[in-house]
Amino acid sequence: MKVTVCGAAGGIGQPLSLLLKLSPLVDELSLFDVVNAPGVGADLSHIDTNAKVTSHLPDDNGLAKALNGTDLVIIPAGVPRKPGMTRDDLFAINAGIVRDLAQGVAENAPNAFVLVISNPVNSTVPIFAEVLKKNGVFNARKLFGVTTLDLVRANTFISQLDSSNKIKPSNLNVPVIGGHSGETIVPLFSLGAPEFYKSLDDEQRDALVHRVQYGGDEVVQAKKGAGSATLSMAYSGFKLAEELIESINGKHSFVDSSFIYLSDEIEGAKEAKQLINNESINYISLPVKLGPRGVESIEYDVLNKINDHEKELLSTAIDQLTTNISKGVNFIKNQA
Ligand code: NAD
Ligand code: LMR
């Protein structure tokens, strides 16, 4: 299993690469960044685990070398937010970065699985897909926008409200659907922690949902201009990567939420669109079953089970998501 990290020298890239270097599931770890990849690579290469580390800068065809023969590409490349910015404000810089990395993947690793972390995820995943489509190598089962941090936060934040300390975050698996930005983030506490959720009044419930939707801002503000979530993101990105690798290897099959393209070829996609009541929405984060091909099926049944309040949240999410998706798609379509 060769894993390539693009943006490996950054705030997320470094701890994510460390976790991958520690994993027995990884045989080769390939680091790519526009700066400092060799430094990070030299440092990690001293760790006495089996994964072989290589590092690459753009010169001398570095991206092609980094991607050649890779099975999984993880992309935390791009600029993070500063206080006062939205994720959409990052589009101006990150859209071009993600487009160029997608072109590199299309040319050098067209069969690889790809996890996109770079923000705004609601737009960067459509950008990535459009570039792969232009190159005739798009496979919806293999492209994932990483929204795992929203699930991680949902598990953590609800457990923090439980003064009896009976709810342990590591025992929870709160599904979070929609997208990865503000009101597009829809945590389904009624399904993930039903008993405790019932005990909350409307004000507590709204505050909890708001905290998950704007959890990223807490970190951005606390870091005071020095970036956004990196360590919790590295943990979350590694969690999804590990589940995916184990699923590709056929060891276990996991269900986790991820932002994906609702291709009609994928089991459950049509049902999901019908239940969302919006046939034109083609990207969304939903629970997906992972397997050797990547996304095996979309576990749409959560949409049958959500309560009226969560339906309202989803409807607001879909409106915003539609705008974010179009922005990404048009960015590529409008280029020669
Ligand atoms: P950072 O600035 O610390 O690191 C980004 C790295 O990307 C830098 O090392 C930079 O040199 C590199 N880079 C820039 N252009 C590149 C290119 N063309 N090719 C390869 N590498 C390139 O930022 P960070 O804190 O690591 O965040 C990275 C991105 O991840 C941001 O867009 C941020 O908003 C996003 N993010 C997403 C989530 C999520 O849940 N999906 C969570 C946290 C952060
Ligand atoms: C997060 O959710 O922490 C990330 O998307 C980074 C950000 O900009 O908030």
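Indexing begins at 1, ligand by ligand and atom by atom, following the structure's order. The figures here come from the full heavy-atom set of this structure, side chains too, leaving out hydrogens, waters and symmetry mates.
The six-membered or imidazole ring of F331 lies near that of F91, with a centre-to-centre distance under 6.0 Å.
Between D33 and ligand 1, an N or O atom pair is found at a separation short of 3.5 Å. Residue T230 has no N or O atom closer than 3.5 Å to an N or O atom of ligand 1. Geometrically, ligand 1 and G11 share a nitrogen or oxygen pair separated by less than 3.5 Å. Polar contact check, G10 against ligand 1: a nitrogen or oxygen pair lies under 3.5 Å apart.
Ligand 2 lies nowhere less than 4.0 angstrom from a heavy atom belonging to V219. Note on ligand 2: M85 sits outside its first shell, no heavy atom being nearer than 4.0 Å.
Clustering ILVMFWY residues whenever any of their side-chain heavy atoms sit less than 4.5 angstrom apart, transitively, puts M85 in a cluster other than the one holding V220. Connection of V219 to V212 is not established within any shared hydrophobic cluster, with ILVMFWY side chains joined at heavy-atom distances below 4.5 Å, either directly or through further cluster members.
With no hydrogens or angles considered, no side-chain donor-acceptor pair links S253 and E296 at under 3.5 Å. Remark: the N139 side chain and the Y261 side chain contain no N/O donor-acceptor pair separated by less than 3.5 Å. Of the N and O atoms on the side chains of R153 and Q213, not one donor lies less than 3.5 Å from an acceptor on the other residue. Counted by atom type alone, E299 and S297 present one or more donor-acceptor pairs between their side chains at under 3.5 Å. Judged by distance alone, the side chains of N135 and E107 never bring a donor and an acceptor atom under 3.5 Å apart.
Taking only non-hydrogen atoms, the option from P58, A37, G7, G78 nearest to atom 5 (C) of ligand 1 is G78. The residue among I12, L149, T124 with a heavy atom at the shortest distance from atom 27 (O) of ligand 1 is I12. For atom 6 (C) of ligand 2, the candidate residues are S236, S228, G182; the nearest heavy-atom contact is made by S228. Comparing V40, V116, I117, L31 by heavy-atom distance to atom 41 (N) of ligand 1, the nearest is I117. For atom 36 (N) of ligand 1, the candidate residues are N119, I93, N36; the nearest heavy-atom contact is made by N119.
The distance from ligand 1 to the heavy atoms of F32 drops below 4.0 Å at these ligand atoms: 19 (N), 20 (C). Of all atoms in ligand 1, numbered sequentially from 1 with element shown, those under 4.0 Å from a heavy atom of V146 are 39 (C), 40 (O), 41 (N). Atoms of ligand 1 lying under 4.0 Å from any heavy atom of L90, numbered from 1 in the order shown and given with element: 34 (O). Those atoms of ligand 1 with a heavy atom of A229 less than 4.0 angstrom away are 43 (C), 44 (C). Counting the atoms of ligand 1 from 1 in the order shown, those under 4.0 Å from a heavy atom of V35 are 11 (O). Atoms of ligand 1 lying under 4.0 Å from at least one heavy atom of V121, given by number and element, are 41 (N). Counting the atoms of ligand 2 from 1 in the order shown, those under 4.0 Å from a heavy atom of A229 are 3 (O). Set against the non-hydrogen atoms of V79, the atoms of ligand 1 under 4.0 Å away are 31 (C), 32 (O), 34 (O). Short contacts between ligand 2 and R81, defined as distances under 4.0 Å to a heavy atom of the residue, involve ligand atoms 7 (C), 8 (O), 9 (O). With ligand atoms numbered from 1 in the order given, ligand 1 contributes 32 (O) to contacts under 4.0 Å with heavy atoms of N94. Interface of G216 with ligand 2, defined as ligand atoms under 4.0 Å from a residue heavy atom, comprises 1 (C), 2 (O), 3 (O), 9 (O).
With a heavy-atom cut-off of 4.0 Å, L149 touches ligand 2 through its side chain alone. Under 4.0 angstrom from ligand 2, the non-hydrogen atoms of R87 all belong to its side chain. Neither the backbone nor the side chain of L90 has a heavy atom within less than 4.0 Å of ligand 2. Of all the heavy atoms of R153, the ones lying under 4.0 Å from any atom of ligand 2 belong exclusively to the side chain.
Between R81 and the options D217, T86, D89, a side chain to side chain donor-acceptor pair (under 3.5 Å) holds for only D217. Considering V114, L115, I248 as possible partners of L72, the one that fulfils the side-chain contact (heavy atoms from CB on, under 4.5 Å) test is L115. Checking V98, V146, V116, I260 one by one against V125, the side-chain contact (heavy atoms from CB on, under 4.5 Å) holds for a single residue, V116.
Among all heavy-atom pairs drawn from I185 and P187, the shortest one is O-CD, 3.5 Å.
The nearest heavy-atom contact from the protein to atom 5 (O) of ligand 2 is H180 NE2, 2.6 Å.
Taking a cutoff of 4.0 Å between a charged side-chain nitrogen and a carboxylate oxygen, K134 and E130 do not qualify as a salt bridge.
Looking at H180 and S285, their side chains never come closer than 4.5 Å, going by heavy atoms from C-beta outward.
Relative orientation of the Y283 and F259 rings is parallel, given thresholds of 30° and 60° on the angle between their planes.
Taking the ring centre of F254 as origin, the terminal cationic atom of K289 falls outside the region bounded by 6.0 Å and 45° from the ring axis.
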